[in-house]
Amino acid sequence: MTTLRTFVGLSLPTTVRKTLAQVQSDLRTAPQQQALRFVQPQNFHITLAFLGDTNPTALPKIQKALTDLSAITKPINVTL
């Protein structure tokens, strides 16, 4: 059976992604940079929960649960 590696995450505003991309660029020259894993700025996010390998047929239920939860959850402020 095919599964998808899934997570629940928050996307980041473009301005934050640009700032983090610059920090990442600076880190590429760090002495210990080989210990770091770099990702494309469009993939920057904040992971709230890692769901792991998920059967694709479960995605509609997960999406509905998250939509229902977001309707009753107050917004949060995040400062980086």
Side-chain angles (χ1 to χ4, degrees):
M1 170 185 16
T2 301
T3 60
L4 300 171
R5 289 178 53 87
T6 59
F7 63 91
V8 177
L10 300 175
S11 59
L12 299 172
T14 302
T15 55
V16 173
R17 283 198 315 268
K18 285 182 180 180
T19 300
L20 291 175
Q22 182 58 55
V23 171
Q24 179 174 261
S25 177
D26 294 344
L27 286 173
R28 287 181 189 275
T29 61
Q32 290 81 19
Q33 65 85 20
Q34 69 275 7
L36 302 174
R37 187 174 139 241
F38 298 103
V39 298
Q40 295 297 316
Q42 66 266 22
N43 293 330
F44 291 163
H45 64 276
I46 298 173
T47 300
L48 299 176
F50 181 67
L51 304 177
D53 294 328
T54 304
N55 187 323
T57 61
L59 293 180
K61 287 183 181 179
I62 293 169
Q63 289 172 329
K64 176 157 180 11
L66 291 171
T67 299
D68 292 349
L69 183 61
S70 70
I72 61 170
T73 304
K74 293 180 182 180
I76 62 171
N77 291 314
V78 177
T79 302
L80 298 176

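Quick note: residue numbers are just sequence positions, from 1.
- When the side chain to side chain donor-acceptor pair (under 3.5 Å) test is applied to Gln22, the partners found at least two apart in sequence or on another chain are Asp26.
- Partners of Thr54 by side chain to side chain donor-acceptor pair (under 3.5 Å), not counting sequence neighbours, listed by chain and number: Thr6.
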Name the atoms and distances for all side-chain donor-acceptor pairs under 3.5 Å in residues 38-45, with sequence neighbours left out.
from	atom 1	to	atom 2	distance (Å)
His45	ND1	Asn43	O	2.9
His45	NE2	Thr47	OG1	2.8

Given Leu10 and Leu48, is the side-chain contact (heavy atoms from CB on, under 4.5 Å) satisfied, shown in steps?
-> CA-CA 7 Å; Leu10 300 175; Leu48 299 176; 3.8 Å; yes

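- Under a 4.5 Å side-chain heavy-atom cut-off, the cluster of Ile, Leu, Val, Met, Phe, Trp and Tyr residues that includes Met1 has no other member.
- From Thr2, atom OG1 reaches atom CG of Asn55 across 9.0 Å, with rounding to the nearest 0.5 Å.
- Residue pairs that meet the salt bridge (charged side-chain N to carboxylate O under 4.0 Å, His left out) test with at least one member in residues 27-46, sequence neighbours left out, do not exist here.
- Taken from OG1 in Thr3 to CG in Leu51, the straight-line distance is 12.0 Å, to the nearest 0.5 Å.
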Donor-acceptor pairs are to be reported for all side-chain atoms of residues 13-20 against protein atoms at under 3.5 Å, with residues two or more places apart or in another chain.
from	atom 1	to	atom 2	distance (Å)
Thr14	OG1	Arg17	NH2	3.4
Arg17	NH1	Leu12	O	2.6
Thr19	OG1	Thr15	O	3.1

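- Screening residues 61-80 for ring-ring contact (aromatic ring centres under 6.0 Å, His included), with sequence neighbours left out, gives no hits.
- For the salt bridge (charged side-chain N to carboxylate O under 4.0 Å, His left out) condition, no pair includes a residue of residues 39-51, sequence neighbours left out.
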What side-chain donor-acceptor pairs closer than 3.5 Å can you find for residues 60-72, not counting sequence neighbours?
from	atom 1	to	atom 2	distance (Å)
Lys64	NZ	Asp68	OD1	3.3
Lys64	NZ	Asp68	OD2	2.8
Thr67	OG1	Gln63	O	2.9
Ser70	OG	Leu66	O	3.4
Ser70	OG	Thr67	O	2.8

